[in-house]
**Q** 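Below you will find the structure I want to go over with you.
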2 protein chains.
Amino acid sequence: MASLTAGNRRPVRLADIAKAAGVSHGTASNVFSRPEIVREEVRERVKAAAEAMGYGGPDPKGRLLRAGKVNAIGVATAEPLSYFFDDPFARVMMASISQACDATGAGISLVSAANNEQLAWNIQSALVDGFIVFCIEGGSRLVELARERKLPFVALDLDSEDGAVAAIGVDNIAGASLAARHLTDLGHRRFAVLALPFADGRTGLVSPEQVRSATYAGTRDRLTGYLQELSRAGVDTSKVPVYETANDAASTNAALETIFAAKEPPTAILAMSDKIALVTLEWLSARNLNVPNDVSIVGFDGVPESAVSEPPLTTIAQPIAEMGRLAVKAILDSDGRISRQLLPVELTVRASSAPPRG
Amino acid sequence: MASLTAGNRRPVRLADIAKAAGVSHGTASNVFSRPEIVREEVRERVKAAAEAMGYGGPDPKGRLLRAGKVNAIGVATAEPLSYFFDDPFARVMMASISQACDATGAGISLVSAANNEQLAWNIQSALVDGFIVFCIEGGSRLVELARERKLPFVALDLDSEDGAVAAIGVDNIAGASLAARHLTDLGHRRFAVLALPFADGRTGLVSPEQVRSATYAGTRDRLTGYLQELSRAGVDTSKVPVYETANDAASTNAALETIFAAKEPPTAILAMSDKIALVTLEWLSARNLNVPNDVSIVGFDGVPESAVSEPPLTTIAQPIAEMGRLAVKAILDSDGRISRQLLPVELTVRASSAPPRG
DNA sequence: ACATATGTTTGAATCGATCCAAGATGCAGA
DNA sequence: TCTGCATCTTGGATCGATTCAAACATATGT
């Protein structure tokens, strides 16, 4: 009994069962994987032996090596793992990815790491059939690491010029134009831009050359879209402050402090994410500035939270669910070819935008 | 070139590299796993061969078998995978689990399935070092499946009497008492209970014998706590309607329709989850019933959303972060012994509860 | 010149299963 | 009794790596 309960380690393998039941390992294997081809009497005997020895079924580690396919896809990011559950955009994306996985029976492995070295190792040793890479900060490194695994992978929301990586993204330039156009149509002339990072680990006012050397093409494209449309409407874009945030409350609040300390604060804010926009909404409300009467704001992403904020947010809605579905499909049906898809976005007008005062 | 680009499949193994570089597989292996012990000249030669043949590094599948440890923990539920990203309670729990995993460098595998058969297979073949099991509906089956793998596992929020399974839960009876006591102290006498499921796949008004035969001990305990406290305060508990919901909007709304169709509708509602309570808040607001003046309501869970609802929700806060941390610890430091922990909850009073009118 | 120490490389064994061609067994019909 | 045909069962090969004791090579000390 003692040996059963304590069982030092658990070195009970299929082969042990086979020996105990007096059959070959081939037969023992069949008992578990194709029970119908083994004679009932033998089957029962093997099962009994397994039960008696506390065998937990064929170890997937062994099976895996032979089978080749893991039947799981890895979702990777350079953020902490909790990003998947905290960030609104990530959450919606993950929900759609997981629906697609459910439909095909594939599992999901979350891959991330505290530091860069760990990250490399975790990607190299992830047991997956392919990767979906979330390209926020540290995107390029992540893509590089994923590529080295030589497994199918797609980058989400990466507008890299690098044609050698499969990517699913949205038309950032068109989306940003849409946002800016909406505000200029309403009559706004004084703008500020709250941007996502252009490069790693920076925040603050952005200079044109910083924009040119941006690591993140997505951020740059959105800015391009904004500025193109603004200058088309006759706004002097050199006067439009562009603040880089880390897509979090702290850096956004800091940017807002600076922006609204100006002599002529903006009447309209272009935010590159709904998260930034929602933080802005709170900041403004705490300062008794009314949205949309004092300040209009347009977000980007179209996360569910944007529909229930106070006031509900005008935003550029990305087809998040569609992106997730396509990403999973790209991994599972991967034919080795790389494909890049640019999905359309649309303007969702809600209550955070209105004509400027007066 | 053609063979390089197309490369029919990808049967390039470490052994191929070794042969190409003219070294043994032992040495080739060392080049990747302990580069410092192989002479530089050889190391470069092997790396060059790997590069030339498009080798993506040692396949984790192979390594795994030898190493034994996967370095990932599985989180399982009988709900669809998207539950992890949709449900507020699950989200907070996952965030804390993922923080704990990040801290130790472990990965997370999400395990679930569309149907029961798939679920069994997915659990049996999950590549993990242990399981954390979310025990909502279908909990017992899930626990059984996980136990069969003979891996360390903990059940979250399962108040099973089965002492043979490790579990981390909260003191449901005490929590429920706290909620009920708060409302009786405020002077309420007419109550309704919106319950979580007592058994699979049912909703609607619950009879006492249904309660006795409850599959889910957690639900039963919460009800016990409610009713104990109510009768202590002199309320005739046989007159308190108890409605089983599926913890979703549809079944909760249906319950509310019935409850408020009564001649003497309740002045106070005890909801077994914040999700139910939040749905109730919306339903009441749509019917122009004021919370807390017309109806008081107390939730259960203490999810972040409960703090920002309109009005903010009085609720029983579970130490969700602590539970997640403990669960991960239980798996990673598993010493083979099973442990059951019952954590305390606390009443968080916010604006959804007040004395009844008049 | 020889023993000793140090640094590299080798090749067999191992991890835990699945697959499959070939062998064994049992039974019906000639 | 022998052949033919099912129906199991067997044992070796395989999946792709890591590990380790032993072999080998080179340098150091005496």
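Predicted model only: the values in this text are computed from it and were never measured. Each chain gets a letter, A, B and so on, in the order its sequence line appears, and its residues count up from 1.
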**Q** Name all residues meeting the ring-ring contact (aromatic ring centres under 6.0 Å, His included) criterion together with B:Phe85; count only those two or more places apart in sequence or in a different chain, and write none if there are none.
**A**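 Only A:Phe85 meet the ring-ring contact (aromatic ring centres under 6.0 Å, His included) criterion with B:Phe85.
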**Q** Does B:Tyr55 have a side-chain nitrogen or oxygen under 4.0 Å from the phosphate oxygens OP1 or OP2 of D:dA17?
**A**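 Yes, B:Tyr55 has a side-chain N/O under 4.0 Å of OP1/OP2 on D:dA17.
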**Q** CG of A:Leu65 versus C1' of C:dC19: gap in Å, rounded?
**A**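 In whole Å, C:dC19 C1' and A:Leu65 CG are 13 Å from each other.
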**Q** Round to a whole Å and report the spacing from CG of A:Leu151 to P of D:dG16.
**A**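 Result: 13 Å.
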**Q** Between the two ends of the helix from C:dA1-D:dT30 to C:dA30-D:dT1, what is the bend in degrees, rounded to 10 degrees, where each end axis spans five pairs?
**A**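 Between the first-five-pair axis and the last-five-pair axis there is 60°.
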**Q** What is the distance, to the nearest angstrom, from the CG atom on A:Leu14 to the P atom on C:dC15?
**A**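 After rounding, the reported distance stands at 14 Å.
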**Q** Do any N or O atoms from the side chain of B:Arg147 and from the backbone of B:Val165 form a donor-acceptor pair under 3.5 angstrom?
**A**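 No: the side chain of B:Arg147 does not pair with the backbone of B:Val165.
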**Q** At under 4.0 Å between heavy atoms, which parts of nucleotides 7-14 of chain D does protein reach? Answer with one letter per nucleotide, 5' to 3': B base, S sugar-phosphate only, - none.
**A** -SSBBB-B
**Q** Can you tell me how far C1' of D:dG16 sits from CZ of B:Phe32, to the nearest Å?
**A**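 Atom CZ in B:Phe32 sits about 13 Å away from atom C1' in D:dG16.
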**Q** Do the charged groups of A:Arg43 and A:Glu40 touch, with an N to O distance under 4.0 Å?
**A**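 Salt bridge between A:Arg43 and A:Glu40, a charged N being under 4.0 Å from a carboxylate O: no.
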**Q** If we only count heavy atoms from C-beta on, is the A:Asp59 to A:Arg13 side-chain gap below 4.5 Å?
**A**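 Side-chain contact under 4.5 Å: no.
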**Q** Atom CD of B:Glu41 and atom C1' of C:dG7: how far apart are they, to the nearest Å?
**A**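 The answer, rounded to whole Å, is 15 Å.
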**Q** Heavy-atom distance under 4.5 Å between the side chains of A:Phe131 and A:Val75, does that happen here?
**A**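 A:Phe131 vs A:Val75: side chains apart.
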**Q** Looking at B:Glu41 and B:Arg45, is any side-chain nitrogen of the basic one under 4.0 Å from a carboxylate oxygen of the acidic one?
**A**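 Salt bridge present between B:Arg45 and B:Glu41.
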**Q** Residues in ring-ring contact (aromatic ring centres under 6.0 Å, His included) with A:Phe153, at least two apart?
**A**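 A:Phe153: no ring-ring contact (aromatic ring centres under 6.0 Å, His included) contacts found.
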**Q** Would you say A:Ser29 reaches C:dT18's phosphate, i.e. side-chain N/O to OP1/OP2 under 4.0 Å?
**A**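 For A:Ser29, the contact criterion (side-chain N or O under 4.0 Å from OP1 or OP2 of C:dT18) is met.
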**Q** Quick one, A:Ile168 and A:Glu322 - any side-chain contact, counting heavy atoms below 4.5 Å?
**A**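 No, their side chains stay 4.5 Å or more apart.
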**Q** In whole angstrom, give the distance that lies between atom CG of B:Asp59 and atom C1' of D:dA17.
**A**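 To the nearest whole Å, that distance equals 8 Å.
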**Q** Could you check whether any side-chain N or O of A:Asn30 sits under 3.5 Å from a backbone N or O of A:Val38, counting only pairs where one atom can act as donor and the other as acceptor?
**A**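 Not a single qualifying donor-acceptor pair exists.
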**Q** Quick one: does any side-chain atom of A:Asn71 pair with a main-chain N or O of A:Gly105 as donor and acceptor, under 3.5 Å?
**A**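 Yes, because the side chain of A:Asn71 sits within donor-acceptor range (under 3.5 Å) of the backbone of A:Gly105.
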**Q** Rounded to the nearest Å, what distance is computed from the CG atom of residue B:Asp16 to the P atom of nucleotide D:dA17?
**A**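 About 9 Å, once rounded to whole Å.
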**Q** If a pair satisfies ring pair (Phe, Tyr, Trp, His ring centres under 6.0 Å) and one of its residues is in residues 18-45 of chain A, list it, with sequence neighbours excluded.
**A**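 Sorted pair list: A:Phe32-A:Tyr55.
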**Q** Which residues in residues 118-126 of chain B have at least one heavy atom lying under 4.0 Å from any atom of DNA chain D?
**A**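 Those residues whose heavy atoms fall under 4.0 Å from DNA chain D, taken from residues 118-126 of chain B, amount to none.
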**Q** Check every atom of D:dT18, D:dG16, C:dT18 against the side chain of B:Arg13 and return the nucleotide holding the closest atom.
**A**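 Nearest to the side chain of B:Arg13 among the choices is D:dG16.
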**Q** In this structure, how many angstroms lie between the C1' atom of C:dC15 and the CG atom of A:Leu127, rounded?
**A**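 It works out to 14 Å between those atoms.
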